[in-house]
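Beneath this line is the structure, given in structure tokens, with notes to follow.
Below, read A as the first sequence line, B as the second, and so on, with proteins coming before strands; counting in each chain starts at 1. Worth saying up front: this structure is predicted, and the values here are computed from it rather than measured.
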2 protein chains.
Amino acid sequence: MSTAEETADGEVQPWDEVTPDAARRLLVAAVEAFAERGYHATTTRDIAGRAGMSPAALYIHYKTKEELLHRISRIGHEKALDVLRTAGESEGGPAERLAEAVRSFVRWHAGQHTVARVVQYELDALGPDARAEIVALRRQNDAAVRGIIEDGVAAGDFDVPDVKGTTIAILSLCIDVARWFNVNGPRTPDEVGALYADLVLRMVGAKG
Amino acid sequence: MSTAEETADGEVQPWDEVTPDAARRLLVAAVEAFAERGYHATTTRDIAGRAGMSPAALYIHYKTKEELLHRISRIGHEKALDVLRTAGESEGGPAERLAEAVRSFVRWHAGQHTVARVVQYELDALGPDARAEIVALRRQNDAAVRGIIEDGVAAGDFDVPDVKGTTIAILSLCIDVARWFNVNGPRTPDEVGALYADLVLRMVGAKG
DNA sequence: GGGCACTCTAAGCGAGCGCTCACCTTCGGA
DNA sequence: TCCGAAGGTGAGCGCTCGCTTAGAGTGCCC
């Protein structure tokens with residue numbers, strides 16, 4: 001499922017498996033444009049131009065502008081879910097697993113903040129069917145985090161009065177990184193991940 | 001629909017001072033439309049229609065569609081900042097002040113989530129000047145929260161290794177409530193506020 | 001060499017956009 | 001009773017949007 005290759009700085013490139021080359025260039029161009037201006041403010045002429053092609057070329061590889069957004073959303077969510085699950089299934093107790101999950105998930109949302117922004121904030125631009133598919137993927141994120149917290153509570157490692165509410169808050173915290181993270185800012189994705197892992201362990205009252 | 005009155009929980013509708021009546025109706029209609037569909041996907045015909053007027057009437061009260069967004073953003077930010085500052089200046093030690101600030105701020109973002117969504121997510125649709133004005137208001141939010149945390153650290157009540165980072169995280173947590181909060185969901189704004197105040201006190205390692 | 005599948009472009013269609021304009025109605029004050 | 005300001009409308013302008021169409025260039029198999 002995830003043939004995600006890694007770059008020098010450890011970031012996962014989500015588009016490796018998209019072929020042919022022209023289709024991938026269009027997808028990358030669309031991500032940049034959607035992240036910068038938003039879906040509705042982006043024109044198909046702009047996307048095609050960024051990919052070095054004429055406006056009509058877009059419609060050889062994608063049926064509509066919405067299909068581009070749908071593809072981006074699905075791939076983006078799948079990659080993020082993959083990152084979260086892999087980390088959550090790592091060795092160690094609930095505290096280590098939760099910390100690793102938050103660290104990875106935040107690192108992804110910071111490093112891939114352009115993709116994450118599109119994926120998180122343009123959901124409403126999708127039609128009902130595509131939207132339902134993406135919402136289902138989101139629920140799997142929720143379940144993955146809640147599972148770790150429940151494990152920690154059952155083991156007596158965490159002190160969490162409201163598991164569902166705390167799960168929402170933790171995911172919300174991680175996801176919103178995509179909104180404010182700035183590549184030219186003072187923090188690297190790794191540093192934000194480390195900070196957030198510590199904060200989340202405090203939120204669940206982890207022992208130690 | 002939403003007239004300028006106080007709701008049951010004492011929250012003030014932000015548009016009381018906007019006159020004349022037609023201008024206020026247009027503003028409220030614009031908030032609803034922008035929150036539902038996004039700024040760029042909203043047409044001036046839709047806004048005017050919701051306010052029960054012809055498309056041309058909009059331009060009697062506002063020069064452009066962007067001016068509507070600018071007005072909404074400024075008023076929304078000012079109200080939110082007011083809520084945050086009032087709570088932060090309340091009686092009690094840093095822990096009580098921080099808890100009250102988070103509780104009020106979250107309650108506002110949940111209760112006024114349509115306004116908050118517009119204000120937080122449509123910033124990029126503003127021109128450079130209007131945008132700079134709004135960014136300045138945001139920095140005041142940041143300073144208000146950081147002030148309380150610094151007080152708590154100085155008094156020995158909080159344990160916060162990274163004050164700036166923790167401030168960003170706390171504000172991010174509160175603001176993102178506007179994205180996921182659902183009126184038909186299981187939680188009231190008050191309940192979310194209480195949960196989040198508790199979580200934030202844990203994040204800053206408040207004694208007790 | 002010839003036919004075919006694939007990829008791309010130049011040109012442009014119909015629709016809907018933000019916004020304007022000429023004109024109409026209402027109403028308080030002289 | 002008449003006037004002018006304020007607030008409203010119907011029609012529509014100029015433009016750009018998402019998307020389509022006719023046809024050209026290229027490489028591959030026979």
Scan the side chains in residues 192-205 of chain A for donor-acceptor partners under 3.5 Å anywhere in the protein, sequence neighbours excluded, and list what turns up.
{"residue": "R202(A)", "atom": "NH1", "partner": "D159(B)", "partner atom": "O", "Å": "2.8"}
{"residue": "R202(A)", "atom": "NH1", "partner": "M203(B)", "partner atom": "O", "Å": "2.8"}
{"residue": "R202(A)", "atom": "NH2", "partner": "D159(B)", "partner atom": "O", "Å": "3.0"}
{"residue": "R202(A)", "atom": "NH2", "partner": "D159(B)", "partner atom": "OD2", "Å": "3.4"}

Does R50(B) have any salt bridge (charged side-chain N to carboxylate O under 4.0 Å, His left out) partners at least two apart in sequence or in another chain, and if so, which? E32(B), E36(B), D46(B)
Residues at least two apart in sequence or cross-chain that pass ring pair (Phe, Tyr, Trp, His ring centres under 6.0 Å) with F158(A), listed by chain then number, are none
Looking only at side-chain atoms of Y59(A), point me to the closest of dG18(C), dT9(D), dC19(D). dC19(D)
Nearest-0.5 Å distance, CG of residue L68(B) to OG1 of residue T44(B): 9.5 Å
Using heavy atoms and a sub-4.0 Å distance, could you list which residues of residues 63-73 of chain A are near DNA chain D? By number, please. T64(A), K65(A)
Hits for ring pair (Phe, Tyr, Trp, His ring centres under 6.0 Å) against H77(A), two or more places apart or cross-chain, chain-then-number order -> none
Selection residues 108-125 of chain A - residue pairs positive for salt bridge (Lys or Arg N to Asp or Glu O under 4.0 Å), sequence neighbours left out: D124(A)-R131(A)
How would you list all residue pairs meeting salt bridge (Lys or Arg N to Asp or Glu O under 4.0 Å) that involve residues 162-180 of chain B, not counting sequence neighbours? R187(A)-D162(B), D176(B)-R179(B)
Below 3.5 Å is the cut-off: list the nitrogen or oxygen pairs between protein and nucleotides 24-29 of chain C, distance only.
none

Which residues pass the salt bridge (charged side-chain N to carboxylate O under 4.0 Å, His left out) test with E150(B), sequence neighbours left out? R146(B)
Sugar-phosphate means primed atoms, P, OP1 and OP2; the rest is base. With that split, encode nucleotides 22-27 of chain D 5' to 3' as B, S or - using protein heavy atoms under 4.0 Å. ------
Applying ring pair (Phe, Tyr, Trp, His ring centres under 6.0 Å) to H61(A) and not counting sequence neighbours gives none
Sorted by number, residues from residues 38-48 of chain A placing a heavy atom under 4.0 Å from DNA chain D are T42(A), T43(A), T44(A), R45(A)
